Each structure stands twice: as structure tokens, then as C-alpha cells.
Enquirer: 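I have a structure I would like to understand better, so I am pasting it below and will then ask my questions one at a time.
Each chain gets a letter, A, B and so on, in the order its sequence line appears, and its residues count up from 1. All of these numbers come straight from a predicted model, not from anything done at the bench.
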Amino acid sequence: MSDPKKTPEKSPRPDARAAKQGDARQDEGQPGNFVAEIVEADLARGATGGRLMTRFPPEPNGYLHIGHAKSIVLNFGLATLAPEGVCNLRFDDTNPETESTEYVESIQADVRWLGYDWGDRLYYASDYFPQLYAWAEKLVEKGLAYVDTRDEETIRATRGDFHTPGEDSPHRDRSVEENLKLLRAMKAGELEEGAAVLRAKIDMKSKDLKLRDPLMYRIKKVPHHRTGDEWCIYPMYDWAHGQSDAIEGVTHSVCTLEFINHHALYDWFLEALEIPEPPKQIEFGRLNLTYTVLSKRKLQQLVSEGHVAGWDDPRMPTLAGMRRRGFTPEAIVRFCERIGVSKNDGVVDVGLLEHELREHLNATSRRIMGVLDPIKLVLTNYPEDQEDWFELENIPKQPEAGTRKVPFSKVLWVERDDFMKEAPKKWWRLAPGKEVRLRGAALVTCDEVIEDAEGNVVELRCTWDPESRGGTPADGRKVRGTIHWVSAKHAVDAEVRLYDRLFAAENPSSGEGGFLDHLNPKSLEVREGCKLEATARGMAPGTRVQLERLGYFVVDADSTDAAPVFNRTITLKDSWAKIAKKLGKKG
RNA sequence: UCCGGCGUCGUCUAAUGGCAGGACAGCGGACUUUGAAUCCGCGAAUCGUGGUUCGAAUCCACGCGCCGGAACCA
């Protein structure tokens, strides 16, 4: 059952189409959601007597990813369309060979993290095994199911294919008594794995291959993560899923498009069991994202072959990975609400996800300064022992977010990328003879460049304008460039992990070769010896900040007080990079 | 090739027989103590061919294209 300690706050999710219902925003374009329209229409005509129940039904055999988030946001959002609407969390745990409690726990943590609350409605398909079995006997008694005792290959071979009808099993016409006897023997463990299966008796010649006497039970003498050794027959998906929906009283069973081929069978079972108010299955298009793979098999492979550090590697599209990367749940939910819900098999530009991320982080992240690739900058006219403490806003244009004091002294660190010996056109940053603003501190002019024997710049010698404290010159002259800096004697040394997209190809799974051929070799760059502003000392893991002019970062769980570790969540947009690219092309 | 689903700006998505709109991306400009943010502006689409209609993205017919389906997986 759900953890009673953590009664998440009543999640204030807007209902799935809140904006469409407000007349003020009637004219604003809203993303489509045909599932919500169906639900509203059903509600409006009283199809369910006012009841509304959806469910999120993961199989606990892997970690949740951004594609699941779309389904979670949809299902929990739909539940808000009626006053008494609810959404259940149900584990579809019918295959003990692949499932485990590790996944049961991570899935719950991830759904909660997104901000959703299933109340006391935490369910398991495995809790329904007794009811499912009783129903199976009922179907046998009605002559709608039979035990087939041929081997797997024979059954497969007689199913036919797209072009040829299947052949009836010779066991199709066993008597009810014999079927019951065999089914009970299966259940009692008297038959070996593979020796028998229970099949629905539908139509071996149906054009819908799913209706060619589908399997209901198979024998697996494998312990289950919840039921242990109690069962040695386990229901197949089609036999378990719709019936689980019916047991819970689900009104709208929303699933992805690949299950549309199961729709007729879903309805067949419910009808055969004479379920009075059967749930309605509705299929929508699953999420695909550019530069991303979302298939469970591929994610599993990335983990097992060590291409990433684990399911929660910050480059993974898993919710655990995104959390560690520094994503906010709000950004993910907002993204899912904005992409719309349709039956199109589309690929959403990962840029839209990044946009939502930046938008939320921009509004909520405290700013600090940090230098990732330091060069020393010495203020020749600044007294050796002097210090200034400048007050900077934590978040610009949000006075309520407060300010912080940042120390300034004679020897500073600045970013290597912010200096060029020969400045191109439109370069507003440091260069010999040029004046720039040190953000929030003062104007400085670069007088001298010191290089080592190989010609690497090792130090910039500058003079500061004492009349420009805070960054505003006394005479009002305009200084275009502003760069970030850190006082050397106050700096916090940190490791910074620069993450980028895991794949370099827009569609990693297309084209020649496998998706692994498209791994981005630069998806992770670890920088040691980065210099952060004093404020960064002792930040708790999970703290999100913007390193000004660089991007958004989050304190990683690997941090210690002595050795902080920051992950780059995402860079800021960089219009200079575009200009530089153009200049490069022209040159 | 059989069954099913789907085709609207580069991408996602509106328009439910009546002016093809929004968002992201792109491009241009303003502003700027983050080359960020913000603001303003620009370009950009109905898969094709017929038909019905005063009027079609929408209805009909025939094509074409993409995706899914022949697990004792979900």
C-alpha cells in the first residue's frame, strides 16, 4: 500500500484541458487532447453515472522514463475532469521472470516526484490472480476456453500468419470436464512448464491475429516477487489487463497505440465475462523524442553494457536520470501538457523539453558565479590586502529572492573563453587594451598578457576603475561586455560534470548500424579544479543554481563538503556561439 | 501481400462544412550589469487525384506514404 508517511500535498495539477474550459482563453491555441474530449463527452452524457477512474499501469521491470511521464500526466490529468475522478497506480506484474521490487519502489518514487498522488489506490495485478483464475474456470465452463497440451512450436506453427488462416487445435473440443481437470492440474503444478496452456476459444481464422485463440495462462514454475510460490501459472497480458481494469472499476483505460491491435480482444474478454459496465480502452500515440531512445530494451542495453553509469545516469531519459541531471518535475509535467495527445506517431523536438526546463529554471534558480576553465586575472592597481564585498541579486528581477555578498580581491579567476588575443568583430569580452565589466563588481582594462613558453595565456594583468564599484562607471560611459569572475582567495574548488545529449543523431535508431553507433562521444566532460564563488560552499545535493552566463547546474549526490560536485543540467542559450559560427563560415 | 492506425508550417498541435491559428525551432530588430531573460517583427503547412457543396484540412471515392500487428513479453 502507499506510504502513509508521505501523503503528498494535494497536487494542484491543472485539469487536462483547464484552459479550454475557460472562456477567457477560448481563443488561445491549446494543445489537442482527444482522449480528454472523449472522457468529457462520456461524462456529459452520463455514460459512467458520473464515475471517472483511470489508471497508470507500469510493469515493474525497468525504470520509468519521459515517455511514461506523458502517460502519467495524461492519466492523472484526466482524473481531474470529474469531481470524484481518481487515478490508480497499478503494477502489471504478471511475468515474474522479469519483475522485481527494486522497480516497484523506483516507480513509486518517480510518480511521487512528478507530483502525483494515487491515495490508497496502489494495486497489483498479482492481487487479482485468484479472481482471474476463478474467471478462467468460468470461461471454461461456458465453453469459451480450453487447455491446449501441444508444445509451443506447434501452437505457433498452427496460428497461421498475415496471409494464411490458423488451424484449429485438436484439443479445441475437449469436454468442459476434461478442460477443468487439466486447468486444475496446471494450477496444482502437476504439469511441467510448456506442457499445457489455457487458450480462449475465439476464431483461428480471424483476420485479427490476436483473436486466433490467444493464450490466457502459461505454466512458469518461477517465484513471483509478491506471491512467492503460490502460483505456477501466470496470466498473459491480455487476460490480465482488461480484467484488472474491470475489478478496480476503471472507466477509461488509456494506453499507447501499439495496443490498438489488442482492442478487440480486450472487449471480447469483458463481454465473455459479462462485465456489467466494462471499461473503455482508448489508445494514444506514445512519445518519441529527437536525440533520444526510449525503448526499454535499448535503455537496458545502455546500462548493462556500461555506456552510461546506471539507470540514473544524468544522460538517461529516465525520470531518475533526469532528476539527477537537475530537471524539475514542473518542467517535465509542463512539457507533457504542451505536446498534446493524438494518434499521430510523432517525434517531438527535444528542444521543446529543453525550453520548458530553461523556463522553469530561469524563474527559480539562484544565480552564482563560477569559472570552469580558469585563467588568472591580476588587478595591478588594487591593494594587496584589500577586499570588497559586492551585493548581487540572487535572481534578477525578483527582489523577494534576496541578495548575497560576493567577495572581490586583487587576484581573480576568469573564464578562458572570455579572453581572445585577437578580438574578432562583435567581440565584447576581454582582449588586450579592452575594457569589460566584471559582473556586479567593477570595470577592468586588460593591459598585459602573460604567456608561458608554449604561448599559452597564463595570466592577464589589468587595471580596475575604483570609480566603477558595483559595475557602473562614474562618467556614464557604456561598456558592452560583462563577464563572470571569482575571487581566487575565496574560491571553492569543485568538480563539474558537463553533460550533453547522449546521442549525436536526431534519430539514433534509424539508418545503418545500431543506435549505439550514434552515441555522442562528448556527452560527458568532467572538469576538475573549477572555481566557484564562496556561496557555493556546503550546498546540499539536489540544490539547483544558475552559474551566470554558463547554464543551470545541480549539486550531485557524489558531493562532499570538501569536494563538491556539480552537474550541468543544461547550458544557457548562447547567441554568441551562433555569431561565431557565422563569422567562422565567412572567414 | 492480409488486418489495423495515422497523414496540417522544419517539429508538436488547433480549426469538428465558413478568414488555416498557437507553441518550439529558425531569421531580423529593440532592450540589457548574464551575448541569458524580456519585448517587437518576419518567413513557414492542409500527401495526391477526382467528386459532393455557394463554400472542403474537414464529407465521399480511388491512389500514395509512414507506423503497428503473426512472443508461453507487457
Enquirer: Tell me, please, which residues at least two apart from A:Lys405 pass salt bridge (charged side-chain N to carboxylate O under 4.0 Å, His left out).
Expert: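 Residues passing salt bridge (charged side-chain N to carboxylate O under 4.0 Å, His left out) with A:Lys405: none at all.
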Enquirer: Starting at atom CZ of A:Arg437, determine the distance to atom C1' of B:rG35, rounded to an integer number of angstrom.
Expert: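 In whole Å, B:rG35 C1' lies 13 Å from A:Arg437 CZ.
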Enquirer: Would you measure the distance from the C1' atom in B:rU32 across to the matching atom in B:rC39 and give it in whole Å?
Expert: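 One C1' to the other, the span is 11 Å.
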Enquirer: What about A:Arg480: does its side chain form a donor-acceptor pair under 3.5 Å with the base of B:rG35?
Expert: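 Under the 3.5 Å cut-off, the side chain and the base do not form any donor-acceptor pair.
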Enquirer: Quick one: A:Met186 CE to B:rC72 C1', roughly how many Å, whole number?
Expert: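 Atom CE in A:Met186 sits about 9 Å away from atom C1' in B:rC72.
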Enquirer: May I ask you to check whether A:Arg150 and A:Ser169 show a side-chain donor-acceptor distance below 3.5 Å?
Expert: yes
Enquirer: Between B:rC27, B:rC2, B:rC72, which one does the side chain of A:Lys582 approach most closely?
Expert: B:rC27
Enquirer: C1' atom, B:rA20 versus B:rA44: distance in rounded Å?
Expert: 13 Å
Enquirer: Grab the N/O contacts between the protein and nucleotides 39-43 of chain B below 3.5 Å, and write none if there aren't any.
Expert:
none

Enquirer: Output a table of nitrogen or oxygen pairs between the protein and nucleotides 64-68 of chain B separated by less than 3.5 Å.
Expert:
{"from": "B:rC67", "atom 1": "O2'", "to": "A:Asp345", "atom 2": "OD2", "distance (Å)": "3.3"}
{"from": "B:rG68", "atom 1": "O2'", "to": "A:Asn261", "atom 2": "ND2", "distance (Å)": "3.1"}
{"from": "B:rG68", "atom 1": "N2", "to": "A:Asn261", "atom 2": "OD1", "distance (Å)": "3.1"}

Enquirer: With both distances under 3.5 angstrom, what nucleotide forms a Watson-Crick or G-U wobble pair with B:rC31?
Expert: none
Enquirer: Any N or O donor-acceptor pair under 3.5 Å from the base of B:rA37 to the side chain of A:Lys397?
Expert: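 Yes, the side chain and the base share a sub-3.5 Å donor-acceptor pair.
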Enquirer: Classify the side chain of A:Gln546 and the base of B:rU34 as holding, or not holding, a donor-acceptor pair under 3.5 Å.
Expert: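 Donor-acceptor pair under 3.5 Å: yes.
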